[in-house]
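Structure record follows, encoded as structure tokens.
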Amino acid sequence: MVDASKIDKSRMMGTAAFKKEINHLLYSNSFIGSDGEFDAGWNSRDHALVMALMLKAGDNFPKIASGKCMFVQGPVAGNAAFGIGQEDYYKSGHNWLLHARFGLIDVSPSLQSKEHHFREPFNGIFNRVWLPPGKERVSVVLCNDPDKYVRAIERAQRALGHSTAVYLHTDEQEVTEKLIKSPFKFLNSRFASEIKSRFGADFYPAVAHHLHDFMLGKKDSLISQPRLKAWGIVFDEFSG
């Protein structure tokens with residue numbers, strides 16, 4: 001879908017503008033689940049599905065990876081290390097895109113919470129690179145084993161003045177036309193349930209289309225609009 005030669009570079013994937021736009025449309029309020037675990041409202045499966053729709057190449061979609069992630073800021077300026085994400089023992093998990101060319105792509109995490117604020121900005125992970133690249137020391141670690149995931153988090157917690165994104169990749173999902181037409185069992189979230197009741201499955205391709213046109217400079221940002229109104233604008237313009 002994306003024609004890279006026509007993209008407004010200030011709005012392209014990996015920029016703050018793009019992340020703010022997709023997050024505004026796909027985030028929800030945080031809550032404590034029935035299992036007692038905190039859900040930050042990232043809705044990572046919804047983000048991954050929209051990104052897969054945007055990055056379709058011919059008849060092929062990128063895969064959606066499943067697992068966990070933990071973003072760790074090491075000790076700095078007298079402050080203790082902290083992490084935002086899923087511990088290895090959490091029942092809940094995380095999803096991101098697995099692209100044949102660009103590797104790990106993840107734009108859903110928010111590194112700001114009531115308790116913690118990362119020093120460095122975060123526009124997403126693209127090809128296992130933390131964007132935007134800057135003066136801060138950052139790295140991305142991908143694990144395929146839970147024990148290695150735990151050890152990588154522990155190392156990150158000791159890395160002075162360094163921030164690390166640690167991923168545990170446990171499975172992956174093919175994106176098919178069938179999944180796109182009926183995504184809600186896969187998405188399985190409170191956010192997706194609300195979208196299903198209000199708009200149905202056409203909402204996700206509509207968001208992908210809006211983001212594509214947003215990058216081209218053909219559509220204005222909707223972040224100033226209340227979220228429900230922004231949803232309606234996108235759906236009315238691009239669905240069907």
Side-chain angles (χ1 to χ4, degrees), residues 1-4 6-32 38-56 64 71 84 94-97 105-114 116-118 120-126 131-132 175 180-184 186-240:
M1 180 186 289
V2 176
D3 182 350
K6 297 180 180 179
I7 289 177
D8 179 339
K9 291 185 178 180
S10 70
R11 296 175 166 209
M12 67 189 297
M13 289 180 285
T15 64
F18 180 84
K19 190 173 194 313
K20 288 177 181 177
E21 195 72 13
I22 190 172
N23 290 169
H24 182 63
L25 293 168
L26 299 179
Y27 266 25
S28 59
N29 293 330
S30 60
F31 65 95
I32 303 297
F38 176 74
D39 188 313
W42 295 355
N43 299 315
S44 60
R45 284 187 294 274
D46 304 80
H47 279 75
L49 178 58
V50 167
M51 293 293 287
L53 292 168
M54 291 188 67
L55 292 170
K56 179 182 180 181
I64 296 178
F71 287 78
I84 297 175
H94 186 64
N95 296 85
W96 59 93
L97 209 62
I105 299 177
D106 191 11
V107 296
S108 67
S110 171
L111 303 189
Q112 311 299 327
S113 69
K114 292 181 179 179
H116 301 300
H117 296 271
F118 270 68
E120 54 281 280
F122 177 73
N123 297 340
I125 304 292
F126 289 81
L131 294 180
V175 177
I180 293 166
K181 291 179 180 178
S182 184
F184 296 105
F186 165 70
L187 295 172
N188 189 32
S189 66
R190 296 203 312 181
F191 175 83
S193 295
E194 182 174 2
I195 294 301
K196 181 180 181 180
S197 67
R198 291 182 181 274
F199 305 108
D202 287 345
F203 175 80
Y204 295 96
V207 172
H209 199 159
H210 167 75
L211 290 168
H212 171 265
D213 283 5
F214 170 76
M215 287 196 299
L216 296 178
K218 294 165 61 176
K219 294 296 176 184
D220 293 333
S221 173
L222 296 173
I223 62 173
S224 64
Q225 300 289 342
R227 187 167 280 114
L228 184 56
K229 184 176 181 180
W231 290 348
I233 291 171
V234 168
F235 186 77
D236 290 344
E237 184 141 16
F238 294 114
S239 65

Using the side-chain contact (heavy atoms from CB on, under 4.5 Å) rule, take Ile125 and Ile105 through it: C-alpha gap first, then chi angles, then the decisive distance, then the call. CA-CA 5 Å; Ile125 304 292; Ile105 299 177; over 6 Å; no
With Pro183 as partner, the option from Val175, Asn188, Ile195, Leu49 fulfilling side-chain contact (heavy atoms from CB on, under 4.5 Å) is Leu49
State, yes or no, whether a side-chain contact exists between Pro109 and Phe71 at a heavy-atom distance under 4.5 Å. yes
Rounded to the nearest 0.5 Å, what's the gap from OH on Tyr27 to OG on Ser108? Could you check? 6.0 Å
Side-chain ion pair, Arg198 and Glu194, N-O less than 4.0 Å: yes
Any Thr15 side-chain heavy atom under 4.5 Å of Ser10 side chain: no
Is there a side-chain contact between Asn95 and His47, using heavy atoms and a 4.5 Å cut-off? no
Any heavy-atom pair between the side chains of Pro205 and Ile180 that's under 4.5 Å? yes
Lys219 versus Glu237: any side-chain heavy-atom pair under 4.5 Å? yes
Measuring only between side-chain heavy atoms, which start at C-beta, is Leu187 closer than 4.5 Å to Tyr204? yes
Distance col, row Glu120:CD vs Leu131:CG, nearest 0.5 angstrom, shows 12.5 Å
Counting C-beta onward and ignoring hydrogens, is there a side-chain heavy-atom pair between Phe126 and Asp106 closer than 4.5 Å? no
Provide the closest heavy-atom pair for Val50 versus Ile22 in the form atom of the first, atom of the second, distance. CG1-CD1, 4.2 Å
For the student: nearest non-hydrogen atoms of His210 and Asp220, plus distance: CE1-O, 3.6 Å
Taking the six-membered ring of Phe18 (Phe, Tyr or Trp), confirm whether the NZ or CZ of Arg11 is under 6.0 Å from its centre and within 45° of its axis. no
Of all the heavy-atom pairs spanning Asn23 and Arg227, show the shortest one and how long it is. O-NH2, 4.1 Å
Rounded to the nearest 0.5 Å, what separation is found between the OG atom of Ser224 and the NE2 atom of His24? 7.5 Å
Distance in Å, Arg45 CZ paired with Leu26 CG, rounded so as to fall on 0.5 Å steps: 13.0 Å
Are any non-hydrogen side-chain atoms of Met215 and Met13 less than 4.5 angstrom apart? yes
Taking all atoms of both residues into account, what is the closest heavy-atom pair of Glu21 and Leu211, and its distance? CG-CD2, 3.7 Å
Nearest heavy-atom neighbours spanning Ile84 and Gln112: CD1-N, 4.3 Å
Within this structure, what is the NZ-CD1 distance for the pair Lys19 and Ile223, rounded to the nearest 0.5 Å? 12.5 Å
Indicate, with yes or no, if the rings of Trp231 and Phe191 have centres closer together than 6.0 Å. yes
Closest approach of Lys229 and Gln225, non-hydrogen atoms and distance? CD-OE1, 3.1 Å
Any chance you could measure Leu228, atom CG, to Ile233, atom CD1, to the nearest 0.5 Å? 10.0 Å
Determine, step by step, whether Phe199 and Phe235 satisfy the ring-ring contact (aromatic ring centres under 6.0 Å, His included) criterion, reporting the C-alpha distance in whole Å, the side-chain angles of both residues, the deciding distance to 0.1 Å, and the verdict. CA-CA 7 Å; Phe199 305 108; Phe235 186 77; 5.0 Å; yes
Is the centre of the Trp42 ring less than 6.0 Å from the centre of the His94 ring? yes
